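Treat the numbers as computed from the prediction; the structure is a model and nothing was measured. Start at 1 and go down the list; that is how both ligands and their atoms are numbered.
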Amino acid sequence: MTLITFGIALILLCAVLVIRTLRYTRHHGKRNRTLPADVNIDEAANRLSEAIRFETISTQSPEDFNESEFLKMHRFLEKAFPRIHEYLDKEVINNYSLLYTWKGSDPDLKPVMLTCHIDVVPVEPGTEGEWEHPPFQGAISDGYIWGRGTMDVQGGVLAIMEAVENLIESGYSPERTILLGFGHDEEIDGDKGAFTIAKVLNERGIFLEYLLDEGTPIVHNVLPELPNPVALVAVAEKGYLSLELSVSAEGGHSSVPQGLTSIAILSEAIHKLENNPVPGRINGIVKKTMEAIGPQMPFLYRIVMANLWLFRKLVKRELAQMPATKAAMSTTIATTIFESGIKENVLPTQARAIVNFRIHPNDSIESIKEHVEQTMDDPRINIREMRGSIEPSHVSDVGDSSYHTLRNTIQEVFPEVVVAPTLMVGATDARHYAGLTDNIYRFIPLRARESDLERVHGTNERLSKKNYLEMIFFYKRLILNSTTGFLNGNHSE
Ligand SMILES: [Zn+2]
């Protein structure tokens, strides 16, 4: 290549990079919004505070289940939201979960469902003293409602109830049926609550337009380069797999070892496995997340994000540096149990390990098992799938009108935020509803700074009154937008 052709090629390349970057438009999100004047936030905060006092705790041991707290919660909801209990059909499912049906006037429109859960995690014994206000007191102080469940997720349940109560009060009745589902055992897998609610709806032949469960929040300061908070909407959930790896080898006295011990064989296999994870890819959800966030980034970052065809490798390497983005990009591998040996001078005949995988929607239980076999490539190792495997969820389409309704509603209530699809690395009740719709979203309109995230399932859980008002407003607008707004034109059956 002559210097001139090289020069021309370089200029062309720069031109392509710049044009693509400029086309990557930036939205300035400082539109005005008005929070509703018809919601009395002090009264709403008092109701949430009262709900926090019921110790609807889910623990791993069934004997600790406190039935009366759940029943008291049901009675409280009846008293606190009289219009809902007058205008909606309420069903108690499997004794403690709740299903409300707000019948729409147009039976041709598919119902929309909002879900959360009424159980909470226990307070870790010994940490009670670290709470600024007792976890089940429901204190209102410094502009916050304090207590277990304010963030996860009595705040969500009550915000939905407030929104519906308020809409009924204003004389509204929906064209599209709205379902509210509140499971009672999400924190221990939802096998009794959400599972049964979904079964009941399935038996009735109900197919939903979309379902919104609790999920990822609005995260502030997510990246130092990004000034806007990001509302993360999880459009899929990772799968779950644990494999038991075991080896049998010659035993005997440790003074006369015969080749490698079972510990050595298994360690070597695990070493190979952990050093050869399933490669991550910038496709699907990760790509969509970047497409949503990219245009808001400073110019230099936008050059990179707008030109993934050129910078893909660089971006992948950067994302793989951070555990959170690495987990979003690929199936994770973690060896969680290793057992072998009984005495210091006896050669162990057995070694056993459990390796836990969180399966990315790019992969499947079968493909991971194949990967494990091929990577270890050792016939001495037995592989057994443990109980409780779950395939990764279906990925909801961000091109669907229901996603647009959700995204537009978030931007209407939180004008400064960037809405981005994401992958849920943990699990929620949403998976139980998988058969009811193609569009499942996991999002909670809760604002969380990094330091707030540890309050969820942790100490000093709290929700600001201001954010609680936004949450109520969000669910109210979402119901209105889903029943009379964007969805209706082209999406009715
Ligand atoms: Zn939760």
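Identified under the side-chain hydrogen bond (donor to acceptor under 3.5 Å, both in side chains) test for residues 277-287, with sequence neighbours left out: N283-N362.
Classification of the H184-F70 ring pair by plane angle, with boundaries at 30° and 60°, yields perpendicular.
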Exercise for review: Run the numbers on F443 and F474 for ring-ring contact (aromatic ring centres under 6.0 Å, His included), then give the verdict.
Suggested key: CA-CA 11 Å; F443 168 71; F474 165 80; 5.6 Å; yes

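Evaluation of the side-chain hydrogen bond (donor to acceptor under 3.5 Å, both in side chains) rule for S68 yields N66 as partners, not counting sequence neighbours. For S389, the side chain to side chain contact (heavy atoms under 4.5 Å, CB included) partners two or more places apart in sequence, or in a different chain, are L241, I365, E385.
K476 and D38 are joined by a salt bridge, as a carboxylate oxygen and a charged side-chain nitrogen come within less than 4.0 angstrom of each other.
Of all protein atoms, those that are N, O or S and lie under 2.8 Å from the Zn ion (ligand 1) total 4.
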